[in-house]
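Data first, discussion second: the structure below is written as structure tokens.
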Amino acid sequence: MERFYNAPERVVDDILHVAAATADLRIAEPESGLRILVRGDWDRQREGSRQVAVLSGGGAGHEPAHAGFIGDGMLTGVISGNLFASPSVEPVLAAIREVCGDAGCLLVVKNYTGDRLNFGLAAERARGEGLNVEMVIVADDVAIAEAPQPRGIAGTLLVHKLAGYLATQGASLAEIQQRTRALCERMGSLGMAIKPAAQPGQPASTRSPELGLGIHNEPGTRAVDPQSADDAMRLVLEPLLQAVAPVSAPGSSSDTAWVAMLNNLGSCSSQEMGVLAECLLRQLGEERVSHLIGPAPLITSLDMHGFSVTLVASEPELIEALTAPTTAPAWPGIQVVRNVVTFKPDTAQGNAALLENAPQDAESTAVLWRVIETLRESREELDALDAKSGDGDAGASMQSGADSIAKALDAQRLDTSSLSPLFTGIGQLLARDMGGSSGVLLSILFTAAGGALERGDNPGEALAAGVRKMQEYGGARAGDRTMLDALIPAIESLQHGNTLAEAAQAARTGAQATASLTTAKAGRSAYVPESALEGIVDPGAEAVARVFEALAKT
């Protein structure tokens, strides 16, 4: 099983059932075969006489659209088809009959042939029954220049919000239709995906990254090869800006601010979306973005690994509508974009051991550089070891600590003329820059050892004092499958008066022994099954062994 589905034909009904069970909604009886959801508090005789009803819908697979946007201030109801397939005329007509009162009903329709035909015919039949129904077609996709029928994609959500807001203000059907059409004419959206969507019960298709693909898994307008999030955002923004700039708000100038919406098309992580949001604001210019909607999954395409951006020129009436409250559960809100305010943390006391033009000893500095290069060169191998028993970042963590020390050496802020200030300075650097449990544990080691040296202990005794503090705060012991399994025998060797080469051999023997320890009692390996640890050297112990081997060579 690759995805958490049951019967593929039940996916849509399962989703709609949960929506109805967790919000104030009414759902068409399953026996009817019609997939309709409407507001639980809506009465066409009462509410429908005072305000226009707003209906939308289309194929499923775009969750939370459209059911997540039902609520006071947004949609009155939605009609769902099968995955990526328009609903037929009958459910659309039934939904109109259910919600349309004297004030009338607006249909918000994405510009796909099936949606236009089915919603359009339902509207005609409703008018034939004496119901006051109008339609607005959203065609915000700018993927194909001069396209005769641009698709309706994520920008549809802004039309939902504007129409719902105007309805709560008592605007007439004609006014709501006119203002939502005007919004459609001046906004644009464009999407990009690294991987297409996979239909339930079907294998995922393989396509290269594409720009301008539709929300129904249609191929994009062209293949692209972004090398970073910045590349991806640039590829989206350049054609999008060209398309929407000529149709900005009336009277707007070249420095008009934008309302931007960043939509997750399905399977991008929160972290990816956060990075993409930063790229969006930086590339547009934070001073050019008045408000940001998202990043959030809004109108998705199953598990498509991609995103879309919608832009519309900011103007007061639109902002009033977008910021108005709504009970729709999936509406993410809209955020004012502000200039980032920074402050300078007070680190003077915390970095007391880091000096300007610190005394330097050439031999000690050379030794440190050898250790730094050893950790840098070991990153991939340590990460690979950690991926088998942890979260795969042991090498990256060690390199971050090494890079911090390297930066201090380059700036001559680390005193290498004596071990006591050197150890204390390294302890401060690791506490500040390395992060994770290994960073703070090694900081404790060097800080405690630096203090012991200051009190007159020899290096072996000082390091042993540091290890005792590591055990006191960290709780690990020898045999617990941690870096201590290499560190303790190496330091004991030094305490016995042995050479660095002999200490390095002791560290190596201790590290290799961790491969036979299948029960970890500390660290992330403690949460890993024994079968995953068998024959795998602990990455922390391996890093310690490599450091001592580098020291022995000098």
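Below, all heavy atoms of this structure are taken into account, side chains as well, without hydrogens, waters or symmetry copies.
When all heavy atoms are compared, the tightest approach of Arg46 to Asp41 is NH2-O, 3.6 Å. Val138 and Val108 make their closest contact through CG2-CG1, 3.9 Å (heavy atoms, listed as atom of the first residue, atom of the second, distance). Residues Pro209 and Pro226 share a closest heavy-atom pair of CB-CD, 4.1 Å. Of all heavy-atom pairs spanning Ile299 and Ala65, the tightest one is CG1-CB, 3.6 Å. Scanning both residues, Cys184 and Val136, for their nearest heavy atoms gives SG-CG2, 4.0 Å. Closest approach of Val289 to Val337, counting heavy atoms only: O-CB, 3.2 Å.
Within the 4.5 Å cutoff, the side chain of His62 has no heavy atoms near those of the Leu298 side chain.
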>> Let's go through Asn82 and Glu9 carefully: what are the C-alpha distance in whole Å and the side-chain angles of both, what is the deciding distance for side-chain hydrogen bond (donor to acceptor under 3.5 Å, both in side chains) to 0.1 Å, and is it a yes or a no?
In response: CA-CA 9 Å; Asn82 290 322; Glu9 65 274 10; over 6 Å; no

>> One pair to check against side-chain hydrogen bond (donor to acceptor under 3.5 Å, both in side chains): Gln149 and Asn111. What are the steps and the verdict?
In response: CA-CA 7 Å; Gln149 295 289 343; Asn111 195 24; 3.1 Å; yes

> What do the steps show when you test Ser56 against His160 for side-chain hydrogen bond (donor to acceptor under 3.5 Å, both in side chains), and what is the final call?
Replying inline: CA-CA 8 Å; Ser56 189; His160 292 168; 3.0 Å; yes

>> Determine whether Asp115 and Ser86 satisfy the following criterion, side-chain hydrogen bond (donor to acceptor under 3.5 Å, both in side chains), listing intermediate values before the conclusion.
In response: CA-CA 5 Å; Asp115 288 339; Ser86 172; 3.0 Å; yes

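Residues passing the side-chain contact (heavy atoms from CB on, under 4.5 Å) test with Arg3 are Tyr5, Ala198, Ala204, Asp303, sequence neighbours excluded.
In this structure, a donor-acceptor pair under 3.5 Å is present between the side chains of Asp140 and Ser189. Between the side chains of Asp102 and Gln45, no donor-acceptor pair of N or O atoms lies under 3.5 Å.
For Arg379 and Asp383, the salt-bridge test passes: some basic side-chain N is under 4.0 Å from an acidic carboxylate O. Taking 4.0 Å as the cut-off between side-chain N and carboxylate O, Glu175 and Arg179 count as a salt-bridged pair. Using a 4.0 Å cut-off between charged nitrogen and carboxylate oxygen, Glu210 and Arg207 count as a salt-bridge pair. A salt bridge does not link Arg39 to Glu98: none of the charged side-chain nitrogens sits closer than 4.0 Å to a carboxylate oxygen. Under the 4.0 Å criterion applied to side-chain N and carboxylate O atoms, Glu315 and Arg186 are assigned as salt-bridge partners. Between Glu278 and Arg282 a salt bridge is recorded (basic side-chain N to carboxylate O distance below 4.0 Å). Checked for salt-bridge contact, Asp403 and Arg376 meet the test: a charged N lies under 4.0 Å from a carboxylate O. Remark: Glu90 engages Arg125 in a salt bridge, criterion side-chain N to carboxylate O under 4.0 Å.
Once rounded to the nearest 0.5 Å, the distance linking CG of Leu262 with OG of Ser308 reads 7.5 Å. To the nearest 0.5 angstrom, Cys279 atom SG is 4.0 Å from Asp230 atom CG.
The environment of CD in Glu29 is sparse: at most 12 heavy-atom neighbours from other residues, nucleotides or ligands sit within 6.0 Å.
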